[in-house]
Undergrad: 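Before I ask anything, let me first share the structure, which is written out below as structure tokens.
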Amino acid sequence: MNYKISQRAASLAPSLTLAIDSKAKAMKAAGEDVVGFGAGEPDFDTPQHIKDACAKALAAGFTKYTPSSGIPELREAIAAKFLRENGLTYKPSQIIVSCGGKHSCYNVILATCEPGDEVIIPAPYWLSYPEMVKLAGAKPVVINTSDKTEFKVTPEQLRAAITPNTRLFVLNSPSNPTGSVYTPEEVKALGDICVEKNILIMSDEIYEHLLYDGAKVKSVASFSQAHYDHTIIVHGLAKAYSMTGWRLGFLAAPEPIAKAIDAVQSHSTSNPTSFAQKGGVEALNGTQEHLPKWLAEFDKRRRYAHTKLNSMPGVTCVNAKGAFYLFPNISKTGLKSAEFCARLLDEQKVAAVPGIAFGADDYIRLSYATGLANIEKGLERMDQFCKTLVK
Ligand SMILES: *Cc1c(COP(=O)(O)O)cnc(C)c1O
């Protein structure tokens, strides 16, 4: 049978991360001692009080459809979060709860972009952004950055990438995959350009709470009414509350955009899982006491890994100030990222994600969302591997 695959689906790049990941999993299943740095999720469990709230809702029969964009209680809790933490005023009607932050991103792109539109994406990027843009029929325009600027795009670079077709600029700070964090001044400078050129900003702030070394973040929406009017904030509970499997994300947008996204969602997924939403309410309104503990643990691992990586021959690594990733430069080992990762897995049983998956072939991504003992073991092996490459 000759199946016709839509242009839309056929245009997507197959996930490079999955090839390594499935190999690592197969090796583990075969009893091999694989150390995994591939995780894109915290290794902590969801805090108990959040699970309890969900279990309670489930037991009480809160198992039916909810309003497509989320229950009022959760949208109010999200609006309260934006006011409390970001000084931003959103009405619940400007907030859409979706099935994960990824779904929120997709909704934004689908509701604002169409064929002929260009979307500016700084690289290294979260690998789904360009593919989502392609799914919407629009064109990803990538701006390359390097460790020399801590992977941050400059105002000059942004200006140079803008054309009359530019519709959206994607900003992700703290960043996956690099962990880099834009200062408030840097965010404002990029936001100013978007306001001047009348370009929307999709600001993916899902790692907002995972910050180190005293780093501070400020949402691009918060600099002026004009910035607010040009910004759609994408956020979620996956990372700061370790709720990746719950599939709960949210966005805050100017009213007309929220309305359009509401329509898209109402005809695609409808509401995120009803009882999960009750857990989401508890996550936002309940105690936040897990967070400092997690941050202290992440920070310890980050410091160790950063120092160790920089001691390896052929490897240099700028320190990340956010998220739970490091993005070392491996170009001086003489290998490109895919071969580096394939051989690291074969020869030392260490799984990392090749930078090429994020549009940056001189780097690899290491997630430190795994225990310190594991990190020590894995990096010791990576050190051995690098010593075979660089004499
Ligand atoms: C994890 C992540 C998300 C959202 O993940 P969900 O599990 O869909 O909530 C969004 N953006 C970035 C950059 C991420 O790393």
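Every number for a ligand or one of its atoms is a count from 1 in the order of the listing. Keep in mind that this is a model prediction, so the values were computed, not measured. For the single chain, residues carry numbers from 1 onward in sequence order.
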Undergrad: Check Ser69, Ser98, Ser270 against Gln265 for a side-chain hydrogen bond (donor to acceptor under 3.5 Å, both in side chains) and give me the one that passes.
TA: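 Among the candidates, only Ser98 passes.
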Undergrad: Of all the non-hydrogen atoms in the protein, which one sits nearest to atom 15 (O) of ligand 1, and at what distance?
TA: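 Of the protein heavy atoms, Tyr207 OH, 2.7 Å lies nearest.
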Undergrad: Closer than 4.0 Å to some heavy atom of Gly100 - which atoms of ligand 1 meet that?
TA: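 So the answer, numbered in order with elements, is 8 (O), 9 (O).
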Undergrad: Quick check against the 3.5 Å criterion: does Arg381 have a side-chain atom that pairs as donor or acceptor with the backbone of Gln348?
TA: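 Yes; judged by distance alone, with no hydrogens or angles, the pair exists.
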Undergrad: Have a look at Thr244, Ile206, Val170, Leu127 and point out the one with the heavy atom closest to atom 4 (C) of ligand 1.
TA: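 Looking at heavy atoms only, Ile206 sits closest to atom 4 (C) of ligand 1.
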Undergrad: At under 4.0 Å between heavy atoms, which part of Leu237 makes contact with ligand 1: side chain, backbone, both or neither?
TA: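 No part of Leu237 is near ligand 1 at this cut-off.
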Undergrad: Considering the options Glu205, Glu85, His227, which one meets the side-chain hydrogen bond (donor to acceptor under 3.5 Å, both in side chains) requirement together with Ser219?
TA: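 Filter result, single survivor: Glu205.
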Undergrad: Going by the order shown, which atoms of ligand 1 are within less than 4.0 Å of some heavy atom of Gly101?
TA: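 Near Gly101, meaning under 4.0 Å from one of its heavy atoms, ligand 1 has 4 (C), 6 (P), 8 (O), 9 (O).
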Undergrad: Just need the protein heavy atom nearest to atom 2 (C) of ligand 1, so name the residue and atom and give the distance.
TA: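 Of every protein heavy atom, Lys239 NZ, 2.4 Å lies nearest to atom 2 (C) of ligand 1.
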Undergrad: Before accepting this row, confirm whether a basic side-chain N of the pair Lys91/Glu255 lies closer than 4.0 Å to the acidic partner's carboxylate O.
TA: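 A salt bridge links Lys91 with Glu255.
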Undergrad: Among protein heavy atoms, which sits nearest to atom 11 (N) of ligand 1, and what does the distance come to when rounded to 0.1 Å?
TA: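 Closest protein heavy atom to atom 11 (N) of ligand 1: Asp204 OD2, 2.6 Å.
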Undergrad: Report the part of Tyr129 (side chain from C-beta onward, or backbone N, CA, C, O) that has a heavy atom under 4.0 Å from ligand 1; answer both or neither where that applies.
TA: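 Answer for Tyr129: side chain.
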Undergrad: I want to know if ligand 1 touches His103 in the polar sense, i.e. an N/O pair below 3.5 angstrom.
TA: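 Between His103 and ligand 1, no N or O pair is found under 3.5 Å apart.
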Undergrad: May I ask you to identify, for Glu41, whether its side chain, its backbone, both or neither come under 4.0 Å of ligand 1 on a heavy-atom basis?
TA: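 Under 4.0 Å from ligand 1, Glu41 contributes no heavy atoms.
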Undergrad: Taking non-hydrogen atoms only, is Arg247 closer than 4.0 angstrom to ligand 1 via side chain, backbone, both or neither?
TA: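 Side chain only.
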Undergrad: Do Asp346 and Arg343 meet the salt-bridge criterion of a basic N to acidic O distance under 4.0 Å?
TA: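 Looking at Asp346 together with Arg343, the answer is no, because their closest N to O distance does not fall below 4.0 Å.
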Undergrad: For ligand 1, which atoms have a heavy atom of Ala238 less than 4.0 angstrom away?
TA: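 The list of qualifying atoms is 7 (O), 9 (O).
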Undergrad: Tell me if the aromatic rings of Phe151 and Tyr363 count as close, with their centers under 6.0 Å from one another.
TA: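 That pair passes the under 6.0 Å test.
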Undergrad: With a cut-off of under 6.0 Å to the ring centre and 45° to the axis, is Lys218 in cation-pi contact with Phe223?
TA: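 Verdict for Phe223: a cation-pi partner in Lys218.
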Undergrad: Could you check whether Arg167 pairs with Glu118 (Lys NZ or Arg NE/NH1/NH2 to Asp/Glu carboxylate O, under 4.0 Å)?
TA: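 No.
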